[in-house]
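These notes are about the structure you will find just below.
Model, not experiment: these values are computed from the prediction.
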Amino acid sequence: MAIQPYTEDSEVTNPVKRIRWATKRVVGHKGDQKRSSLRARFHKTSASRNSNGTLDSTVKAEDGSGSETGSDSGDKPQRRIFFNQPLPADARDEDGHPLDHYARNKIRTSKYTPLDFVPKNLWFQFHNIANIYFLFIIILGIFSIFGASNPGLNAVPLIVIVTVTAIKDAVEDWGRTVLDNTLNNRQVSRLVDYENVNTAEDTVSVWRRFKKASTRSVIWTWRKLKSRKNKGQGAVEAYAERAIGEYRPSVESELTRTSFHSTRTRQGQGVSGYELEAVPSPLPGQGPSESEQLPLPDKRATTTLGELQTTKNGEKGVTHEKRFYGSVINPHKTAPGKARFKADAWKNVQVGDYVRVYNGDEMPADIVVLSTADTDGACYIETKNLDGETNLKVRSALRCGRKVNSARLCEKAEFVIESETPTANLYAYSALIKWDQKDPRDPSAPGTEMVEPISINNLLLRGTILRNTEWVLGVVVFTGQETKIMLNSGITPSKRAKISKDLNWNVIYNFIVLFCMCLIAGIVQGVTWSQGNNSLDFFEFGSIGGNPALDGFITFWAAIILFQNLVPISLYITLEIIRTLQAVFIWSDIGMYYEKLDYPCTPKSWNISDDLGQIEYIFSDKTGTLTQNVMEFKKATVNGYAYGEAYTEAQAGMDRRNGIDVETTIVAARDQIARDRVRMIEGIRKLHDNPFFRDEDLTFVAPDFIEDLAGGGPARNAAEQKTANYEFMLALALCHTVITEKTPGDPPKLEFKAQSPDEAALVATARDCGFTVTGRAEDDVILNIMGREERYTILNTLEFNSTRKRMSAIVRMPNGKIMLYCKGADTMIYSRLTPNLQREMRDQTAKDLEMFAREGLRTLCIAQKEVDEEYWRDWNKRHDLAAAAVQNREDKLEEIADEIEQELMLLGGTAIEDKLQDGVPQAIERLGLAGIKLWVLTGDKVETAINIGFSCNLLTNDMDLLRIETAEGDLEGATRIINNYMTQLGITGSDEELAAAQNDHQPPAPTHAVVIDGDSLRLVLHEDLRQKFLLLCKQCKAVLCCRVSPAQKAAVVSLVKNGLNCLTLSIGDGANDVAMIQEAHVGVGIAGEEGRQAVMSSDYAIGQFRFLTRLLLVHGRWSYRRLAETIANFFYKNLVWVFALFWYQIYDDFDCTYVFDYTYIILYNLAFTSLAFILLGVLDQDVSDKVSMAVPELYRRGIERKEWTQRKFWLYMLDGLYQSIVVFFVAYLIFAPANFVTDNGLGVDDPKRMGVYIATAAVFIVNIYVLLNTYRWDWLILLIVAISILLIWFWTGVYTATTGGFQFYQAAPQVYGQVTFWCNLGLAIIIALLPRFMIKAYQKIRMPRDIDIIREQCVEGDFDYLNENDDFFPKTPREQLMSKKKDSTGKTRPENGHDVAQRPEDEQPMMYPPSVTNTAATTHNQRSHNGSDGTDYTGHRSSFDFRVDPPATVREDVSRPRPSFDRARQSMDRVRPSFEASRDFTSAAMLQRLESSQSARSGNTGHSGMKHER
């Protein structure tokens, strides 16, 4: 019963840690084999060397000995790539050959080649134990000693199966081969006639030449055959052939708008149509054009090499220095002039090549950008091929390479790239570019070694698409299998359906039965020969073996051949056909088609459809899965004052729990918001007629904010508030990485391209308020502030990541000051504020943020500080050194960033709404009724997750929230909390309770829910606590895990999957959900706003969360029931057939004589009984899809796994045994007393003709039996059953009409002309099927199941109301009954007959909002209903443990109504308003404790560069 311990993954970049980017490290032999294969492709690197000569790119080296940069190469080998420089001695071996060899850029994803298809495919197919078994049977049949009548015919089924499978594999692999060839032969502009010293000495092996020759011969043969077939269509074929090799821009790329920096668009098509005007390449022998000459330094802008430039910035004429970046171009080098860019195939690209990529094209390899068409070196890429994200991302050219824009200058560039070895991390890259900077005025002057760091922002990965940029020019650093996208194409976890795993045991049972049957045959035959004085002594010419023991041994193997169908090879093929057709029907279901994205439900794993009908636990992400991930800026708090009018779904849920009439409130709130929206638009136009503002884009409805921004607000400190609002919006407009795209028009329309929708919403709101980001120019951000254009220089951008949870921008203002703007999670910002300042404002802001979070809004804090110029210069040098590090670059940058992000001044906070998807509350409600438990695993904060939980029906007012929150590393505290909750629930966490829980699939009572954060989750997943935590959660209706990492998500799924012996499903939409999607039995990806990476890693892909209900409740339940019934019937029908043969052996001393003609044995599974079983598995329906959705309780039978059990298997086997007795012995008893002859006197009592009696009855009974077990009798199933039955008559008549049947000749007219045949058929059918019919009738009448009752109600018309509309969620019978009970006033009468709203006020039940409700920590009633949705957000302890500060004074402003603020505050303060302050209970209290903690620590260690007035 022990559960495996959980270990948190390290945050350090690890090549094998792929949880974040779509693949998973697979353990075992296959995983090791895959990784060994990848490592074998890596180039061999030279011995490690020290690189502490790396220099800061802003300074020059003195005397060739640079200062240390911390590049920390250590012992880790690096890749060195040389450009226009000969390989040094240490890059060659002792024979002078290069040490490094790089992977080819040719990609092969296909399994097979023309040389190895046949042997390799057979090898894979015969890994299947069933194929090996039947191959063994065929081999036995070859030897006549075992009595096989037709060995060749015996091999037909296996040959057909192997051939069909091989053809299927060949077609699939041919498709991959075609895609590989198409990809490998794509065109890219590559620099040719240029000596690439890195690969110039590579040779092609003899084996590769042989493979290429064989491939070319096969392709040539195929094309010849195709050309003969298509003779006369030469023109069409020529066009098709030409189209393969030509560049053809996609419709999407043709319609893509170019960047506003661009001056022209690409017009050409085809290989010869590449537009090269901006960066022309000279022909061989042609001199450089004037535009290609290296530009000499302008004396007005540049002095000597080592000097710094000075320019004036701003109206006040403040001067500041601009850094010198240098250039890799050697101005004194004489270029050969032969190199030129030419269209070439991707497969010819090598490490060290120069390539030029155009707008709309994919990157052929991993490329470091040297220059782009934009003057600032920026380019924009789309990464949906890598991670599915459609948001454009900005990449930058290296500073030192931006002048390299033509073939001539490529020849003049001299540099070395020192890169890390290939890794799978898509989000990190470390390298350095080194060159000798030459003085353009003095050719004899020695060069100065310079270095510039290369990061992921300078790398274009293979598969990314260039957008909104005319061209980029770069150098190749990784090719083929060493590119990051190929390293991420690791082994996807193989998933098998649970029924398939259980089926193995049933096959083993059949093997045991088969062995016993064969053993009996061998023993009886041997004993019979040993007895003597039997009839065989007079009719046989001796035994084959010559002695009884050998006779028995031979008979044993002959019986294996005779009874081979007991282990059905056709079952596996039938299941594949059924699952394939089920997947087709799922894909074709219009009920799961998402029109907005033109996306149907897409099955990606076709072999686990039946698992969809047994899901007990669903693990769901929140953002983008339950919500839309379309962010709208709704509210803000600035200088302690809350702005914004909104009525969120979470607020509606809160009001509903407080007994408020939500429908009326919504109408009133929307009317108020509409009026305020009009006021705000008028205020914006009055303040400034912003040409970029569009009325329909406004989401932040706050007319009072505009009034305060204009300085006309009624607040007493209007000037202060005006300044605060100005600085707040300025921070939003500057602290981001958004790309601005202009659409021409009057006025032009701005579109913001951001890496996250949150960031785009913040910048869009700044635009609406008059702070418009119009574009970027080099390091400057251009703002239009209320009609005045200003430029702000971005000195540094400290980017956001999941560890930092914040981003900062260091900006030089127009007046020359340096400001740092920081935005991030509230805990991160509050811990870095300046101590002992802004006390009142911070307290109020914390309370506003808590209120926003409880309304279901996503919150961020905004802060700033002024940075001292001298301090920044010193800090920036250290920042550049950290950025230049090759090893541990991220850690060093994090440390240096943390140093400057201290002693901040709070500006305010933002609140963004991520609305629920359509139908999420109804979907969760239906899944709950089905008995499915939903756990939400999210990275959001606790308050937001809880309120979303209430608004989507995951949590209810009748639940006690069991809050688990402990200090980091406090294992004892976590143990104490878990034990306390377990005591309240009456469990101990023992192994016996775990064993009982594994067999208990009933849903828990909706009285408790667990809420836990990431730090506490790390503790409870400890080996000592994981079992107790699991059993605690088993008793709860819902579980919310907040602030969790992708690794923790996978760990939670693994805990439940392995601990409770149940089937799990994970659903998500982002890259951070891939780990749990791959860990669960079934993974579902949502094609949402965060991209398609989850979709690419999933087993099923859907467009919206609500479609999951139909996928499970309809298709999952159908598939599970159909497949379970099909398998049981399949074993039954084979047992009927084989045991009919077995009973005959009793009367021939088990000498393995065939009572049937051998064609019957072959066709029984292939034709006579196959179609009805396939139809049962594909189309049978117990109830319609609408009834399945309206009665989700029907799904519980799948959770309890009652459709396929071992008991059912053995009952069907016993039924088959009984019917085999009937089939054989009814015919036997007819023939036993007398002999029957035909009209011409020929007898019909030979085994073959007696076999017609038995076989026909068996086929008839088996098909009728399937019909009895089929719920839906329509024309198709009746037709298929009739055809299957009549087929044996047809085959017997045709086959026996010719002499090919030998002894079977004319058997059909002879047997079918006998009255005894028809009497035998009717009698056998009745006797065989009557018990089954009676048992079914008794069960449905006396012991009906849920489905029987529902089917009877359907017949009676109780569900006819479902046909009146096409709602996605049809009304349940309970809802339909309630709608009929509406009284004359139109109100719905409560179930208990009392209307709560009409009771006297003092008799109404007490309803607590989330912040003041009782929790399990404050009540001992385990089934309390007094308001149990408490949140206990911050892991509070009793108030006497802390000093209780008096509540902060709220800034008074009673002259202006704030409907949304007052409405939310009223909802939270209805009862005991001082409870929060006295209990230290809220997130505001937590922020007060965290306040300035980081800044206080940093103040003791160093100077933070803060300038502020105290």
Side-chain angles (χ1 to χ4, degrees), residues 128 161 164-165 167-169 171-173 175-176 492-501 503 570-594 597-615 618 1063-1067 1077-1078 1080-1087 1092 1094-1104 1106-1127 1130 1170-1171 1173-1182 1184-1185 1188-1189 1195 1198 1203-1204 1272 1276:
N128 187 339
I161 290 169
V164 170
T165 305
I167 292 173
K168 177 181 74 71
D169 292 343
V171 170
E172 290 178 355
D173 205 64
R176 287 191 288 265
T492 300
S494 178
K495 296 182 180 181
R496 292 183 61 207
K498 187 178 187 305
I499 284 185
S500 297
K501 297 174 184 177
L503 191 60
S570 55
L571 173 61
Y572 295 94
I573 301 301
T574 302
L575 294 183
E576 290 299 320
I577 294 173
I578 290 173
R579 284 172 169 146
T580 299
L581 293 176
Q582 286 175 347
V584 170
F585 285 125
I586 289 175
W587 180 79
S588 305
D589 188 355
I590 195 67
M592 293 187 291
Y593 172 73
Y594 189 38
L597 295 180
D598 188 24
Y599 201 84
C601 177
T602 307
K604 296 176 176 291
S605 298
W606 293 10
N607 61 335
I608 57 174
S609 57
D610 42 295
D611 277 356
L612 292 172
Q614 306 170 72
I615 300 299
I618 293 179
L1063 265 66
T1064 59
L1065 180 147
S1066 293
I1067 180 170
I1077 284 176
Q1078 293 187 338
H1081 292 96
V1082 179
V1084 178
I1086 291 183
R1092 302 285 173 91
V1095 166
M1096 293 187 291
S1097 305
S1098 64
D1099 303 306
Y1100 292 87
I1102 56 179
Q1104 291 272 276
R1106 68 177 184 274
F1107 297 143
L1108 182 63
T1109 56
R1110 186 172 179 87
L1111 181 63
L1112 297 182
L1113 303 185
V1114 179
H1115 293 283
R1117 194 181 67 83
W1118 280 351
S1119 297
Y1120 171 55
R1121 199 203 64 78
R1122 290 166 175 169
L1123 216 60
E1125 196 65 36
T1126 299
I1127 293 173
F1130 216 98
S1170 60
L1171 293 179
F1173 285 82
I1174 293 175
L1175 212 62
L1176 169 65
V1178 174
L1179 295 179
D1180 188 29
Q1181 289 183 13
D1182 47 7
S1184 67
D1185 57 336
S1188 296
M1189 290 287 289
Y1195 188 87
E1203 292 294 348
W1204 176 249
R1272 179 172 175 172
L1276 183 59

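Salt bridge status for K498 with D610: absent, with no side-chain N to carboxylate O gap under 4.0 Å.
Residues that satisfy the side chain to side chain contact (heavy atoms under 4.5 Å, CB included) test with E576, not counting sequence neighbours, are absent from this structure. For S605, the side chain to side chain contact (heavy atoms under 4.5 Å, CB included) partners two or more places apart in sequence, or in a different chain, are N607, I608, D1099.
Judged purely by atom type and a 3.5 angstrom limit, Y1120 has no side-chain atom pairing as donor or acceptor with the backbone of S609. Side-chain N or O atoms of S1119 include none that pairs as donor or acceptor with a backbone N or O of G1116 at under 3.5 Å. Side chain of S588 to main chain of F585: no donor-acceptor pair is present (N/O by atom type, distance under 3.5 Å, no hydrogens or angles). No donor-acceptor distance shorter than 3.5 angstrom exists from the side chain of R1272 to the backbone of D1180, with no hydrogens or angles considered. Between the R1122 side chain and the V1178 main chain, a donor and an acceptor come within less than 3.5 Å of each other. Looking at S1188, its side chain does come within 3.5 Å of a backbone N or O of S1184 through a donor-acceptor pair. A donor-acceptor contact shorter than 3.5 Å links the side chain of H1081 to the backbone of T1064.
Two residues are said to be in side-chain contact when any heavy atoms from C-beta on lie closer than 4.5 Å; Q1104 and M592 fail this criterion. Inter-residue side-chain proximity for L1108 and V1084 is flagged as met; some heavy-atom pair is nearer than 4.5 Å. Contact annotation: the side chain of I618 approaches that of L1112 to within less than 4.5 Å [non-hydrogen atoms, C-beta and beyond]. For the pair I586/P603, a side-chain contact is recorded, criterion being any heavy-atom separation below 4.5 Å from C-beta on. Contact check for T602 versus Y1100: no side-chain heavy atoms found under the 4.5 Å cut-off. The shortest distance between side-chain heavy atoms of I499 and I1127 falls below 4.5 Å. Residues C601 and L1111 form a side-chain contact, since some pair of their non-hydrogen atoms from C-beta on lies under 4.5 Å apart.
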#### Entry: Intermediate values then yes/no, side-chain contact (heavy atoms from CB on, under 4.5 Å), L1123 and I578
CA-CA 8 Å; L1123 216 60; I578 290 173; 3.6 Å; yes
### Message
Test side-chain contact (heavy atoms from CB on, under 4.5 Å) on L612 and H1115; report intermediate values, then the result.
### Response
CA-CA 8 Å; L612 292 172; H1115 293 283; 5.5 Å; no
### Task
Go through L1276 and L1179 one step at a time and tell me if the side-chain contact (heavy atoms from CB on, under 4.5 Å) criterion holds.
CA-CA 10 Å; L1276 183 59; L1179 295 179; 3.5 Å; yes
### Message
Please determine whether side-chain contact (heavy atoms from CB on, under 4.5 Å) holds for the pair L503 and L575, giving the CA-CA distance in whole Å, both sets of side-chain angles, and the decisive distance to 0.1 Å.
### Response
CA-CA 11 Å; L503 191 60; L575 294 183; 3.7 Å; yes
#### Entry: From CA spacing to verdict: ring-ring contact (aromatic ring centres under 6.0 Å, His included), Y599, Y593
CA-CA 6 Å; Y599 201 84; Y593 172 73; 9.0 Å; no
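Nearest heavy atom pair, residue S1098 against residue K604, reads O-CD, 3.4 Å. Here the closest heavy-atom approach between residue R579 and residue W606 is recorded as CB-O, 3.2 Å. Between A1080 and S1066 the shortest heavy-atom distance is CB-OG, 3.3 Å.
Residue L1063 holds its CG atom at 9.5 Å from CG of L1065, rounded to the nearest 0.5 Å. Summarising the geometry, atom CZ belonging to R1121 is positioned 9.5 Å from atom CD belonging to Q1181; distances are rounded to the nearest 0.5 Å. To the nearest 0.5 Å, the span separating OH on Y1195 from CG on L1113 amounts to 7.0 Å. Taken from CZ in R1110 to CD1 in I1102, the straight-line distance is 12.5 Å, to the nearest 0.5 Å. One distance of note links CG of D1182 with CH2 of W1118; it measures 8.5 Å at 0.5 Å rounding.
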